[in-house]
Amino acid sequence: MNTRRKLIAGNWKMHGSHSANAELLAGIVAARPFACDVAVCPPFPYLSETAVTLAGSELRWGAQDCSMHKQGAYTGEVSAGMLAEFGCRYVIVGHSERRALHAESDQVVAEKAQAALGAGVTPIVCVGETLAQREAGETAAVVKRQLSVVIHTLAHCASEMVVAYEPVWAIGTGLSATPQQAQEVHQLLRAQLLAATPHAARMKILYGGSVKADNSGPLFAQPDIDGALVGGASLKAADFVAICRAAG
Ligand code: 13P
């Protein structure tokens with residue numbers, strides 16, 4: 001276990017409703033306080049009610065994506081500045097589902113991260129290899145390439161992002177990376193950050209991919225794993241709270 005304060009962020013993806021969200025947030029609020037930072041990332045329409053529910057608590061909220069543009073004729077997009085107005089502390093950028101389903105390039109992801117920082121919102125930048133890439137021995141090259149574009153674009157601000165390693169083959173499959181597999185990649189990413197910024201030692205690198213209460217402890221015990229980006233298990237308060245407890 002390292003000394004960086006852990007962050008557990010729930011990525012609700014396209015799940016939720018007024019009633020389901022109220023129950024989920026109430027369950028998380030009731031379990032406070034936590035010994036780690038805790039954030040939820042609901043779909044855009046629910047940010048406002050999430051902000052109202054969590055206002056005044058130390059719990060944080062974020063969004064799942066933002067535009068790389070500040071404003072303009074970009075139908076359907078949401079700017080980082082708008083997220084900041086709703087009190088978003090974080091925004092996930094470069095999730096593999098967006099890279100795959102919306103053809104987001106490394107450069108677009110980097111510019112979204114830059115837009116987020118420009119608005120005062122911390123980007124959680126996702127990187128990760130597919131199963132085919134892992135099997136071809138390309139994991140290190142893929143994640144390094146994805147991160148290097150972001151580091152280059154953010155330049156001296158790179159130390160202000162959170163990085164999330166999410167192996168695509170572990171997302172929603174129940175197949176989590178082993179703590180050793182994850183640590184190996186986190187160590188690589190930390191080394192890459194160290195080469196780019198003197199502040200890398202305090203930066204958070206989260207793991208994501210089928211994180212559950214029962215597999216999170218050994219992941220969090222790794223020296224370069226600073227928390228988790230949780231999908232499915234963030235939708236039930238008891239499961240999410242158990243992961244937060246494992247991080248404390
Ligand atoms: P699961 O936890 O459902 O595997 O999803 C991980 C993820 O994609 C978080 O961003």
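Note that ligands are numbered from 1 as they come in the structure, with each ligand's atoms numbered from 1 the same way. Only this structure's heavy atoms are used, side chains among them; waters, hydrogens and symmetry mates stay out.
- Every residue two or more places apart in sequence or in another chain that forms a side chain to side chain contact (heavy atoms under 4.5 Å, CB included) with Asn215 is listed here: Ser176, Val211, Lys212, Leu219.
- Inspection of the Glu111 and Gln107 side chains reveals an N or O donor paired with an N or O acceptor under 3.5 Å.
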Which atom pairs, nitrogen or oxygen on both sides, join ligand 1 and the protein at under 3.5 angstrom?
residue  : atom   : partner : partner atom : Å
ligand 1 : 2 (O)  : Ser210  : N            : 3.4
ligand 1 : 2 (O)  : Gly231  : N            : 2.9
ligand 1 : 3 (O)  : Gly232  : N            : 2.8
ligand 1 : 4 (O)  : Gly172  : N            : 2.6
ligand 1 : 4 (O)  : Ser210  : N            : 2.7
ligand 1 : 5 (O)  : Lys13   : NZ           : 3.3
ligand 1 : 8 (O)  : Lys13   : NZ           : 2.8
ligand 1 : 8 (O)  : His95   : NE2          : 2.7
ligand 1 : 8 (O)  : Glu166  : OE1          : 3.4
ligand 1 : 10 (O) : Asn11   : ND2          : 3.0
ligand 1 : 10 (O) : His95   : NE2          : 3.0
ligand 1 : 10 (O) : Glu166  : OE1          : 3.2
ligand 1 : 10 (O) : Glu166  : OE2          : 2.9

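- The one candidate from Lys204, Arg190, Lys6 that meets the salt bridge (charged side-chain N to carboxylate O under 4.0 Å, His left out) condition with Asp226 is Arg190.
- Residues passing the side-chain hydrogen bond (donor to acceptor under 3.5 Å, both in side chains) test with Gln146, sequence neighbours excluded: none.
- In this structure a side-chain-to-backbone donor-acceptor pair under 3.5 Å is present from Tyr207 to Ala177.
- Shown here are the side-chain hydrogen bond (donor to acceptor under 3.5 Å, both in side chains) partners of His69, two or more places apart in sequence or in another chain: Tyr74.
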